[in-house]
Participant: 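Take a look at this one; I'll ask things after.
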Amino acid sequence: MKIKTTRFGTINISKDKIIYMPFGMLGFSDKKRFVLFPHKENSPFFWYQSADDPALAFVIISPFLFAPAYSIDADETAKKMSWNDAVESDYEVYVIAGIPRGEPDKITANMIGPLLINVRKREAVQMVIPNSPYSHKFPLSANK
Amino acid sequence: MLVITRKPGERITIGDDITVTVIEVKGSLVKLGFEAPRNVGIHRQEIYDRIREENVKASGIDASDLAGAAFFLNGKKKAVKSED
């Protein structure tokens with residue numbers, strides 16, 4: 001299927017690559033279908049592009065690349081999503097990067113709202129983590 | 001806003017399938033219990049708002065800004081390696 005995007009033009013992606021978010025992202029609950037693709041070769045970043053809104057795309061990254069001790073408890077979320085038979089290897093975890101316009105050296109990651117993807121079911125949900133030791137603006141750059 | 005006074009142990013029902021129980025009142029802290037269908041999100045509002053705000057900001061990232069950020073991140077990686 002073809003997906004129109006403002007950043008990448010029209011991209012062609014097979015239907016089974018769509019990731020479905022029954023609750024959407026917080027603040028964007030009506031946008032439920034996304035696709036995931038690498039920023040570029042050897043980059044740790046991925047784009048999480050809405051298939052329903054050409055302008056809506058998030059930059060995501062694995063939190064374990066820069067915070068190896070980071071962990072989440074997926075049990076409650078799995079219940080909410082009815083992922084009854086999910087096992088750890090079904091999951092991928094990403095955090096959403098924020099970059100103030102024109103200030104790439106101020107890149108941060110939101111560690112309290114991670115994206116949990118069930119890759120086997122092709123479904124995802126944004127978690128809300130209270131009492132996290134990590135910040136919603138965790139600095140990623142050495143040049144802060 | 002509807003305001004209702006309740007004692008510990010008493011409940012409030014919202015619609016057909018949401019129940020809020022006042023579990024304990026201790027000084028300025030109120031402990032509440034919620035029963036709701038699985039698809040109803042129940043969150044501490046300040047955390048929910050913070051994530052939503054970050055999402056809104058993050059949704060407008062420019063691809064060129066990410067290229068710059070990736071450069072800084074790579075710079076950091078290299079620096080770590082050279083210390084080894």
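Residue numbers begin at 1 in each chain, while the letters A, B, ... track the order of the sequences.
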Participant: Should A:Leu116 and A:Leu36 be counted in the same cluster of Ile, Leu, Val, Met, Phe, Trp and Tyr side chains packed under 4.5 Å apart?
Facilitator: no

Participant: Which pair of non-hydrogen atoms, one from A:Trp47 and one from B:Ala63, has the smallest distance, and what is that distance?
Facilitator: CZ2-CA, 3.9 Å

Participant: Kindly check if the number of other-residue, nucleotide or ligand heavy atoms within 6.0 Å of CG (A:Asp16) is above 12?
Facilitator: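 Counting neighbours around CG of A:Asp16, more than 12 heavy atoms of other residues, nucleotides or ligands fall under 6.0 Å, so yes.
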
Participant: Where does A:Pro100 contact chain B at under 4.5 Å (heavy atoms): side chain, backbone, both or neither?
Facilitator: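 Interface part for A:Pro100: backbone (N, CA, C, O).
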
Participant: A:Ile112 versus chain B, heavy atoms under 4.5 Å apart: side chain, backbone, both or neither?
Facilitator: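 For A:Ile112, heavy atoms of backbone and side chain both lie under 4.5 Å from chain B.
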
Participant: Which residue out of A:Ile61, A:Ile107, A:Val59, A:Thr108 racks up the most heavy-atom pairs below 4.5 Å with chain B?
Facilitator: A:Val59

Participant: Counting only N and O atoms by type, is there a donor-acceptor contact under 3.5 Å from the side chain of B:Arg38 to the main-chain atoms of A:Ser82?
Facilitator: no

Participant: Quick one: of B:Lys57, B:Glu53, B:Glu54, who has the most non-hydrogen atom pairs under 4.5 Å with chain A?
Facilitator: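 Winner by heavy-atom pair count: B:Glu54.
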
Participant: Of all heavy-atom pairs between B:Ala58 and A:Gly98, which one has the smallest distance, and what is that distance?
Facilitator: CB-CA, 4.4 Å

Participant: A:Tyr94, A:Phe28: one ILVMFWY side-chain cluster at the under-4.5 Å cut-off?
Facilitator: yes

Participant: Honestly curious: do A:Met81 and A:Ile117 fall in one hydrophobic cluster under the side-chain, below-4.5 Å linking rule?
Facilitator: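 Not linked; separate clusters.
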
Participant: Checking heavy atoms, do the side chain of A:Ile99, its backbone, both or neither come under 4.5 Å from chain B?
Facilitator: both

Participant: In terms of heavy-atom pairs under 4.5 Å, which option from A:Phe8, A:Phe23, A:Phe58 contacts chain B the most?
Facilitator: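 Of the candidates given, the most pairs with chain B belong to A:Phe58.
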
Participant: Check this for me: B:Gln45, atom CD, are more than 12 non-hydrogen atoms of other residues, nucleotides or ligands nearer than 6.0 Å?
Facilitator: no

Participant: Can you give me the closest heavy-atom contact between A:Pro104 and B:Gly68, atom names plus distance?
Facilitator: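 Here A:Pro104 and B:Gly68 meet closest at CB-C, 3.6 Å.
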
Participant: Applying the 4.5 Å side-chain criterion to the ILVMFWY set and letting contacts propagate, would A:Tyr134 and A:Val95 be lumped into a single cluster?
Facilitator: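 Yes.
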
Participant: If I take atom CD1 from residue A:Ile129 and atom CD1 from residue B:Ile51, how far apart are they, to the nearest 0.5 angstrom?
Facilitator: 7.5 Å

Participant: Heavy-atom distance under 4.5 Å to chain B: side chain of A:Met111, backbone, both or neither?
Facilitator: neither

Participant: Before accepting this row, confirm whether a basic side-chain N of the pair B:Asp65/A:Arg101 lies closer than 4.0 Å to the acidic partner's carboxylate O.
Facilitator: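 Salt bridge absent between B:Asp65 and A:Arg101.
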
Participant: So if you build clusters from Ile, Leu, Val, Met, Phe, Trp, Tyr with side-chain heavy-atom gaps below 4.5 Å, do A:Trp83 and A:Ile18 land together?
Facilitator: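 Yes; tracing contacts between hydrophobic side chains, which count when under 4.5 Å, links both residues.
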
Participant: Taking it one step at a time, do A:Lys40 and B:Leu66 satisfy side chain to side chain contact (heavy atoms under 4.5 Å, CB included)?
Facilitator: CA-CA 11 Å; A:Lys40 56 182 184 185; B:Leu66 179 59; over 6 Å; no

Participant: What part of A:Tyr48 gets within 4.5 angstrom of chain B, counting heavy atoms only: side chain, backbone, both, or neither?
Facilitator: neither

Participant: Just verifying a value: how many Å separate B:Arg50 CZ and A:Asn110 CG, rounded to the nearest 0.5 Å?
Facilitator: 9.5 Å

Participant: Around A:Arg120, counting heavy atoms of other residues, nucleotides and ligands shown, do more than 12 lie under 6.0 Å from its CZ?
Facilitator: yes

Participant: Is it the backbone or the side chain of A:His136 that comes under 4.5 Å from a heavy atom of chain B, or both, or neither?
Facilitator: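 Both parts, backbone and side chain.
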
Participant: Just so I know, are the side chains of B:Asn55 and A:Gln126 near enough to count as touching, which here means a heavy-atom distance under 4.5 Å?
Facilitator: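 The answer is yes, as the side chains (C-beta and beyond) meet within the 4.5 Å cut-off.
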
Participant: Which pair of heavy atoms, one from B:Ser59 and one from A:Leu56, lies closest together, and at what distance?
Facilitator: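 Scanning both residues, the minimum pair turns out to be CB-CD1, 3.5 Å.
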
